[in-house]
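Ligands are counted one by one from 1 in listed order, and the atoms in each one are counted from 1 as well. If you're wondering where the values come from, they're calculated on a predicted model, not measured in any experiment. The basis for the numbers below is simple: all heavy atoms, side chains too, and nothing from hydrogens, waters or symmetry mates.
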Amino acid sequence: MHKASVAELSAALKARKFSSEELVRAHLARIHAQDSELNSFITVTETEALAAASHADRLIAAGEAGPLTGIPLAHKDIFCTRGVRTSCGSKMLDNFVPPYNATVVEKIADAGMVVLGKTNMDEFAMGSSNENSYYGPVRNPWDTERVPGGSSGGSAAAVAARMTPLATCTDTGGSIRQPAALCGITGLKPTYGRVSRYGMVAFASSLDQGGVMGHSAEDTAYLLGAMAGFDPKDSTSVDRPVDDYVGGLNQSIEGLTIGLPRQHFGEGLDPEVGAVVEAAIRQYEKLGAKVKEIDLPNSPLSVPAYYVVAPAECSSNLSRFDGVRYGYRAKHPKDLSDLYTRSRGEAFGEEVQRRIMVGTYALSTGYYDAYYLKAQKIRRLISDDFRQAFAEVDVIMGPTSPTTAFTLGERIADPITMYLSDIYTIGVNLAGLTGMSIPAGFAKGLPVGLQIIGNYFEEARILSVAHRYQQVTDWHTQAPPDAGS
Ligand code: GLN
C-alpha cells in the first residue's frame, strides 16, 4: 500500500480492495516502526486519524467520495489545527493548541483526507537542516547520519520513508524544494498568493507560501488542487481560478524551451550533483525540449537580500510572542519588561534570536535605507531578471541545491554555509514565482533534485513538465531502506 500512487490508492478505496482505516493503520504502523529513529513527527494524531478514516469509509460506501477521500497525509506543524498542538518547532508554542484551522487544513479536511499527524520542522521555519527544531533534528531516511534539509524536513523525511503518501509544507526561501531534493521526493512551492496563508504561522509574510510534497508530480497535483484557491481571510491570496492540475498533466512538452541559468551551474556546485542535473536535462532534450542558456545576473545577490528582508519581516511577525497573550511565559517575572525579556529569551532558540536581532537592526532608524530599502531594490532587480528570462523560455531548470544531504552538525556552527544551501531556490521566493524539485538521480548514494521554475501561476505547466520526465524515469519510485529495522 505504501508504495502505491494516490490515483492507485483512490481507485483501490473506491473498489473496496481495502478500507481507509486499513490504509491509515498501515501508515501508522510504518510511523511507529521508523519514527523513533527519524523523528519526523512532532505529534501523531492516531485517534483522530482513525475516526477520520472511518468517516471517509462511510463516504466511500455512500458513493460520496472525491479523489482524495480516505487518503492519509501529514501537516507541517506550522499549520494551525483546531484542538491539536501547533508548535512551529518552537518551545514558544509547545503549549499552543489553536482554536481554529488554517484554511489549508480546512480545505484538506473538506476533501476527505485523513491527517496522520504534525511534522517536525526548523523553529519558525528558519533553517535548512531541521537542526533548529526544539524537538530535535530529523534524520534523512537515505542516511540517518545526515540531515533531511529544512525547514520542512519532517514532511520530506516522512514522505521519503513512505510513512505518508503526501504532506503539506511551506517555502519562504527553499524549505519545500531543498528538503524534497535532499530526501529524493517531489515538492512544489506555488506562486505567492496561490495557496492561503491564513492560519499558517508567519515567518516572513511577503515570502511564505504553503505547498505540497509527495512521491510524484501526479500525486502532488492532486493535493495542490485541493489546497489552492482564493481565500478572503488572506489579503495576499489571489482571486483567480485554480487550474485542473491533474487534468493538465499530459500536456506535450514537444518544443518546450528550457532556460538554464549560467549562475546556477558555476562555482559552489558539487560536480556530481551538476552531472546528474545535466543528464536530466539531456533526457528532456530527447523528449523534444529545446535548451537555452540564460542569465540571471542578480542571482548571486539573492541570499544577501533575503537575509535582510526575511529577518526584517520575522522581527516584526515574532513580536506577537510576548509571554502575555499565548505561548510560553517565563516563571515569576519581576515586572513587565522582565516578563517580555525572559519569555522570549527562554523560549526562542539561537537561530530565531539571531534573525530577530538582525531584522530589528535592519529596520531601525538610520539603517532602514542602507539595508532594508536596498534589499527591496535588489528584490525588484531579481524579479526583473526572471521576467526577462521568461520572455525567452517556458521554464527554467537547474540544480535545487548545490550539494546532496550533509551530515548532522556539519554546518550548524557556520550560518553562512548553511544559508548557501538555498542559493538556487531563494530568488524564486523573492520574485514570488512557482518552483518545484523532482528526484533526478543519485550522487554517492544520496538523492539529487532537479529544480523546475515556472512563471507566475504556471503550476500546471511545471507539473506537466515534471510528469513527462517521471513517465520515462523511475527515480521518483526509489525508496530508502526502512529505518529502525
Ligand atoms: N533556509 C531558509 C531560511 O533559513 C529558508 C527557510 C524557509 O524556506 N522556510 O530562512
S.K.: Considering heavy atoms of the protein only, find what lies nearest to atom 6 (C) of ligand 1 and give residue, atom and distance to 0.1 Å.
M.R.: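 Residue, atom and distance for the closest contact: Ser175 OG, 2.9 Å.
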
S.K.: Looking at ligand 1, is there an atom of it that comes within less than 4.0 Å of some heavy atom belonging to Met418?
M.R.: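 Per 4.0 Å heavy-atom rule, Met418 does not contact ligand 1.
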
S.K.: Would you check if the side chain of Thr400 reaches a backbone N or O of Gln451 as a donor-acceptor pair within less than 3.5 Å?
M.R.: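 Here the side-chain-to-backbone pair exists.
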
S.K.: Please write down residue, atom name and distance for the protein heavy atom closest to atom 3 (C) of ligand 1.
M.R.: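 The answer is Tyr307 OH, 3.2 Å.
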
S.K.: So that I can tick it off, tell me whether Arg30 and Asp35 are bridged by a salt bridge, with the cut-off set at under 4.0 angstrom between side-chain N and carboxylate O.
M.R.: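 The answer is no: the pair does not qualify as a salt bridge.
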
S.K.: Heavy atom under 4.0 Å from ligand 1: found in Arg177's side chain, backbone, both, or neither?
M.R.: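 No part of Arg177 comes within reach of ligand 1.
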
S.K.: Please check if any side-chain donor atom of Thr81 sits under 3.5 Å from a side-chain acceptor atom of Thr86, or the reverse.
M.R.: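 Yes, side-chain donor-acceptor contact under 3.5 Å.
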
S.K.: Ring centres under 6.0 Å, that's the criterion: do Phe386 and Tyr456 meet it?
M.R.: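 No, too far apart.
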
S.K.: Indicate yes or no: does Asp384 engage Arg387 in a salt bridge with an N to O separation below 4.0 Å.
M.R.: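 A salt bridge links Asp384 with Arg387.
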
S.K.: Under a plain distance cut-off of 3.5 Å, with no hydrogens placed, do Asp208 and Thr172 share a side-chain donor-acceptor pair?
M.R.: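 Checked: Thr172/Asp208 side chains pair up, N/O donor to acceptor below 3.5 Å.
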
S.K.: Which of the atoms of ligand 1 are close to Asp171, meaning less than 4.0 Å from one of its heavy atoms?
M.R.: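 What qualifies from ligand 1 is 8 (O).
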
S.K.: Could you find the nearest protein heavy atom to atom 1 (N) of ligand 1 and give me its residue, atom name and distance?
M.R.: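 Closest protein heavy atom to atom 1 (N) of ligand 1: Asp422 OD2, 2.5 Å.
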
S.K.: Looking at Arg197, Arg177, Arg194, Lys76, which hits salt bridge (charged side-chain N to carboxylate O under 4.0 Å, His left out) with Asp171?
M.R.: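 Single salt bridge (charged side-chain N to carboxylate O under 4.0 Å, His left out) partner of Asp171 among Arg197, Arg177, Arg194, Lys76: Arg177.
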
S.K.: Which atoms from ligand 1 have a heavy atom of Ser151 less than 4.0 Å away?
M.R.: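 Those of ligand 1 that fall under 4.0 Å from Ser151 are 9 (N).
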
S.K.: Strictly under 4.0 Å, does any heavy atom of Tyr419 approach an atom of ligand 1?
M.R.: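 No; Tyr419 lies far enough from ligand 1 that no heavy-atom distance drops under 4.0 Å.
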
S.K.: Return the residue, atom name and 0.1 Å-rounded distance of the protein heavy atom closest to atom 5 (C) of ligand 1.
M.R.: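 Closest protein heavy atom to atom 5 (C) of ligand 1: Tyr306 OH, 3.3 Å.
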
S.K.: Give the numbers and elements of all ligand 1 atoms closer than 4.0 Å to a heavy atom of Met126.
M.R.: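 Reading through ligand 1 atom by atom, the close ones are 4 (O).
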
S.K.: Can you check whether Gly127 has an N/O within less than 3.5 Å of an N/O in ligand 1?
M.R.: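 For ligand 1, there is an N or O atom that lies under 3.5 Å from one belonging to Gly127.
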
S.K.: Touching ligand 1 at all, Ala310? Heavy atoms, strictly under 4.0 Å?
M.R.: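 Flag not set, Ala310 not near ligand 1.
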
S.K.: Looking only at heavy atoms, which two atoms of Met213 and Thr220 are closest? And how far apart?
M.R.: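 In this case the closest contact between Met213 and Thr220 is C-CG2, 3.7 Å.
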
S.K.: Give the atom numbers and elements of ligand 1 that come within less than 4.0 Å of a heavy atom of Ala125.
M.R.: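 So the answer, numbered in order with elements, is 6 (C), 7 (C), 9 (N).
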
S.K.: For ligand 1, find out whether one of its N or O atoms is nearer than 3.5 Å to an N or O atom of Phe203.
M.R.: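 Checking ligand 1 against Phe203, no N or O pair falls under 3.5 Å apart.
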
S.K.: Tell me if the aromatic rings of Phe124 and Phe321 count as close, with their centers under 6.0 Å from one another.
M.R.: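 For Phe124 and Phe321, the ring centres are under 6.0 Å apart.
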
